[in-house]
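Take a look at the structure set out below.
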Amino acid sequence: MINIAIDGYAGSGKSTIAKELAKRLGFKVFDTGAVYRAIACSFKQMNLNVEEISDLYVQRFIEKIEIEVKFINGQQHVFVNNIDFTDSLRTEEISKLTPLLSPFRCVRNKILGLQREFAKNNDLVMEGRDIGSFILPEAEFKFFCTADEKVRAQRRLEQYLAKGKNILFQEVLEELKQRDYNDTHRDYGAITILPDSIILDTTYQNLDESVEFCLSKIREKYPNI
């Protein structure tokens with residue numbers, strides 16, 4: 001099986017690139033972020049208190065849930081305790097709750113086996129923050145997406161505006177800077193650029209150019225893919 005890891009900063013385009021790359025290769029794409037968002041959905045559904053989040057509190061919660069990932073008509077669906085949360089993953093509330101839960105070791109360990117088992121049985125592209133460094137350290141290709149922070153902030157701003165959210169560029173930029181700091185200073189699952197990472201700078205690239213860059217690196221080893 002060929003496993004491709006795509007890690008990188010928020011707003012660098014890694015999720016979109018992962019999906020398009022998998023499509024062109026005929027691989028499956030495992031959206032790790034969607035799994036964490038589904039965990040947050042379950043937390044919300046149980047009416048648990050965000051103010052009480054702690055190691056013990058999250059540990060007790062995580063012990064009560066079972067997670068399953070299924071592909072239905074080619075789309076990834078995430079089930080928690082047999083509830084499909086796929087259509088509820090992208091709300092603003094879940095976007096804010098997910099980063100509060102995802103750094104906990106017990107949460108990341110909960111889906112580690114799921115991720116590795118899926119990778120063992122499928123040609124796939126998996127994206128996140130620590131896919132190449134921890135989840136799939138034996139991945140054949142490890143891409144790391146980055147881009148100028150102001151460009152990333154502008155992309156996020158356009159996404160917010162498209163959803164009807166009234167927000168200023170400077171607010172988005174400060175939010176992104178805080179996210180970068182958090183993602184690089186986590187005790188567990190921090191963003192890491194590895195010695196064998198292939199750097200993909202998307203600052204001045206569109207989606208097609210970014211995907212073609214990845215394909216060119218992959219085809220150096222697999223010319224007929």
Side-chain angles (χ1 to χ4, degrees), residues 6-12 14-16 18-19 28-72 75-119 126-131 133-136 156 159-160 163-165 167 171-172 174-192:
I6 300 183
D7 294 304
Y9 294 106
S12 61
K14 63 182 184 293
S15 297
T16 307
K19 290 174 184 175
K28 286 185 176 178
V29 59
F30 190 104
D31 185 348
T32 301
V35 180
Y36 287 117
R37 284 172 175 269
I39 291 172
C41 287
S42 182
F43 187 94
K44 175 178 177 291
Q45 187 197 52
M46 292 182 187
N47 293 316
L48 297 176
N49 191 347
V50 175
E51 301 300 324
E52 294 186 27
I53 287 179
S54 63
D55 285 327
L56 183 59
Y57 195 77
V58 176
Q59 178 70 49
R60 287 173 174 169
F61 155 68
I62 212 71
E63 288 173 353
K64 297 176 182 177
I65 65 173
E66 292 299 327
I67 306 164
E68 187 176 10
V69 174
K70 298 179 182 179
F71 279 79
I72 302 172
Q75 180 186 4
Q76 177 176 310
H77 287 248
V78 187
F79 295 78
V80 182
N81 291 344
N82 296 315
I83 300 173
D84 186 354
F85 284 108
T86 303
D87 293 335
S88 306
L89 302 180
R90 305 296 169 182
T91 67
E92 186 174 348
E93 184 178 7
I94 296 303
S95 293
K96 291 180 178 179
L97 177 58
T98 302
L100 300 180
L101 297 171
S102 60
F104 285 93
R105 186 181 296 265
C106 61
V107 175
R108 303 186 78 79
N109 284 342
K110 184 76 173 184
I111 69 169
L112 178 60
L114 184 72
Q115 291 169 303
R116 289 180 173 171
E117 184 67 20
F118 194 87
M126 188 179 292
E127 61 92 6
R129 282 196 312 265
D130 61 346
I131 306 303
S133 61
F134 180 66
I135 307 300
L136 301 178
R156 280 295 167 91
Q159 291 173 351
Y160 285 140
K163 294 177 181 178
K165 182 176 181 179
I167 189 170
E171 293 179 79
V172 179
E174 292 305 316
E175 178 185 279
L176 194 72
K177 287 181 178 179
Q178 185 62 52
R179 173 72 179 272
D180 286 351
Y181 180 85
N182 293 341
D183 284 349
T184 54
H185 289 78
R186 296 181 188 278
D187 293 331
Y188 193 61
I191 284 178
T192 306

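Considering every non-hydrogen atom in both Ser88 and Cys41, the closest pair reads O-SG, 3.6 Å. Between Ala38 and Phe85 the shortest heavy-atom distance is O-CD1, 4.0 Å. Minimum heavy-atom separation, Ser95 to Arg37: OG-NH1, 3.0 Å. Taking every heavy atom of both residues into account, Arg186 and Pro99 meet most closely at NH1-O, 4.3 Å. Ser102 and Val107 get closest at one heavy-atom pair: CA-CG1, 4.4 Å. Looking at every heavy atom in both residues, Val69 comes nearest to Val35 through CG2-CG2, 4.0 Å.
By the ring-ring contact (aromatic ring centres under 6.0 Å, His included) test, Phe61 is found to be paired with Phe43, residues two or more places apart in sequence or in another chain being considered. Partners of Phe71 under the ring-ring contact (aromatic ring centres under 6.0 Å, His included) rule, at least two apart in sequence or in another chain, are Phe118. For Arg60, the side chain to side chain contact (heavy atoms under 4.5 Å, CB included) criterion is met by Leu56, not counting sequence neighbours. The salt bridge (charged side-chain N to carboxylate O under 4.0 Å, His left out) test applied to Asp180 returns Arg152, not counting sequence neighbours. Remark: Glu63 pairs with no residue by the salt bridge (charged side-chain N to carboxylate O under 4.0 Å, His left out) rule, at least two apart or across chains. Remark: Ala34 engages Asp31, Gln76, Val78, Leu89, Arg90 in a side chain to side chain contact (heavy atoms under 4.5 Å, CB included) (not counting sequence neighbours). Take Thr86 and apply the side chain to side chain contact (heavy atoms under 4.5 Å, CB included) test, not counting sequence neighbours, and it matches Gln75, His77, Asp84. Checked against ring-ring contact (aromatic ring centres under 6.0 Å, His included), Tyr9 has the following partners two or more places apart in sequence or in another chain: Phe144. When the salt bridge (charged side-chain N to carboxylate O under 4.0 Å, His left out) test is applied to Arg105, no partner is found at least two apart in sequence or on another chain. Under the salt bridge (charged side-chain N to carboxylate O under 4.0 Å, His left out) criterion, Glu175 pairs with no residue, sequence neighbours left out. With sequence neighbours excluded, the residues satisfying side chain to side chain contact (heavy atoms under 4.5 Å, CB included) with Lys44 are Glu93, Ile94, Leu97.
With values rounded to the nearest 0.5 angstrom, Asp183 atom CG is found 4.5 Å from Arg129 atom CZ. The CE atom of Met126 sits 4.5 Å away from the CG atom of Leu136 when rounded to the nearest 0.5 Å. Here the NZ atom belonging to Lys64 is positioned 10.5 Å from the CG atom belonging to Asn81, to the nearest 0.5 angstrom. To the nearest 0.5 Å, atoms CD1 (Ile135) and CD (Glu127) are separated by 12.0 Å. The CD1 atom of Ile67 sits 6.5 Å away from atom CD1 of Ile111, with the distance rounded to the nearest 0.5 Å.
With salt bridges taken as basic N to acidic carboxylate O contacts below 4.0 Å, one links Arg108 and Asp130.
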Begin with the C-alpha distance, continue with both residues' side-chain angles, and end with the deciding distance and a verdict on side-chain contact (heavy atoms from CB on, under 4.5 Å) for Asn109 and Ile62.
CA-CA 10 Å; Asn109 284 342; Ile62 212 71; over 6 Å; no
Go through Ser42 and Ile83 one step at a time and tell me if the side-chain contact (heavy atoms from CB on, under 4.5 Å) criterion holds.
CA-CA 9 Å; Ser42 182; Ile83 300 173; over 6 Å; no
Atom pairs and distances, donor-acceptor, side-chain atoms in residues 45-53, under 3.5 Å, two or more places apart:
residue : atom : partner : partner atom : Å
Asn49   : OD1  : Glu51   : N            : 2.9
Asn49   : ND2  : Glu52   : OE2          : 3.3

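Here the side chains of Lys110 and Glu66 are in contact, with some heavy-atom distance below 4.5 Å. Between Lys165 and Glu92, the closest side-chain pair of non-hydrogen atoms falls below 4.5 Å.
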